[in-house]
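Throughout, numbering of the chain's residues begins at 1 and tracks the sequence.
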Amino acid sequence: MADFGFRLSKSSTLDLDRIDTKVYDRLCDTDPDARTCMACGSCSATCTAAPFSGMSMRKVILGLQRGQDVRPMLSNCMLCGKCTMVCPRGINTRHLILSICRIYDR
């Protein structure tokens, strides 16, 4: 079999009828700023932890919308607040992170 220099990757298709968005729904109930995020990436660009751990508030919110467990990514956050300072929508991302952690602790 010939090697053409590429491989088929696992499908990233989501079955929207099967995903569990309870954590995201609870987050939106407690902190409506979660729906305000437009996923611009400003938070990811300034994140101190991102180059070393892949931490990204944008990925966290997207993961919650997809029903994924985002706790491993949140554990890398240093709560430095740089993402809050650069957010064009004025979202208090530190509060969002703490709210997500409280939801998982319930």
Side-chain angles (χ1 to χ4, degrees):
M1 187 164 209
D3 180 14
F4 296 106
F6 65 90
R7 296 179 215 187
L8 295 177
S9 60
K10 184 179 137 189
S11 175
S12 60
T13 303
L14 294 175
D15 185 356
L16 296 177
D17 293 328
R18 292 183 180 217
I19 61 173
D20 183 17
T21 60
K22 289 178 189 171
V23 176
Y24 180 71
D25 294 336
R26 282 187 197 160
L27 177 64
C28 291
D29 290 342
T30 59
D31 198 343
D33 277 350
R35 293 193 196 277
T36 308
C37 178
M38 62 181 175
C40 67
S42 296
C43 55
S44 304
T46 61
C47 182
T48 306
F52 307 106
S53 65
M55 170 61 190
S56 167
M57 193 62 203
R58 179 173 64 171
K59 287 181 186 177
V60 168
I61 291 176
L62 183 63
L64 289 174
Q65 290 172 339
R66 292 179 174 180
Q68 299 170 345
D69 185 10
V70 296
R71 282 179 277 197
M73 195 179 313
L74 289 178
S75 66
N76 296 317
C77 179
M78 296 187 277
L79 294 173
C80 65
K82 288 181 181 179
C83 51
T84 301
M85 292 189 302
V86 299
C87 180
R89 296 258 171 122
I91 298 172
N92 186 346
T93 52
R94 292 166 87 184
H95 188 264
L96 273 180
I97 291 169
L98 294 172
S99 297
I100 295 167
C101 291
R102 278 189 214 111
I103 290 169
Y104 275 123
D105 288 341
R106 289 183 191 171

Report the distance from atom [atom1] of [X] to atom [atom2] of [Y], rounding to the nearest 0.5 Å.
| X | Y | atom1 | atom2 | value |
| --- | --- | --- | --- | --- |
| I19 | L64 | CD1 | CG | 11.0 Å |
| L98 | I103 | CG | CD1 | 11.0 Å |
| M85 | T46 | CE | OG1 | 7.5 Å |
| D105 | I100 | CG | CD1 | 12.0 Å |

Validation: residues 32-43 side-chain donor-acceptor distances under 3.5 Å, sequence neighbours left out:
none

Item checked: Any pair counted as side chain to side chain donor-acceptor pair (under 3.5 Å), so long as it reaches residues 57-66, sequence neighbours left out -> Y24-Q65
Notebook entry, point to check: With M57, which of I91, I97, T84 fulfils side chain to side chain contact (heavy atoms under 4.5 Å, CB included)?
Noted result: I97
For the residue pair [X] and [Y], what are the closest heavy atoms and their distance?
| X | Y | value |
| --- | --- | --- |
| V70 | Y104 | N-OH, 3.4 Å |
| M55 | A49 | CB-CB, 4.1 Å |
| C47 | A50 | SG-N, 3.4 Å |

Check: Given the rule in the side chain to side chain contact (heavy atoms under 4.5 Å, CB included) test, do I61 and L96 qualify, once you have shown the distances and angles that lead to the verdict?
Finding: CA-CA 9 Å; I61 291 176; L96 273 180; 4.2 Å; yes
Check side-chain hydrogen bond (donor to acceptor under 3.5 Å, both in side chains) between [X] and all other residues, then give those that pass, not counting sequence neighbours.
| X | result |
| --- | --- |
| S75 | none |
| N76 | none |
| D31 | H95 |

Check: Which residue pairs satisfy the salt bridge (Lys or Arg N to Asp or Glu O under 4.0 Å) criterion with at least one member in residues 71-99, sequence neighbours excluded?
Finding: D69-R71
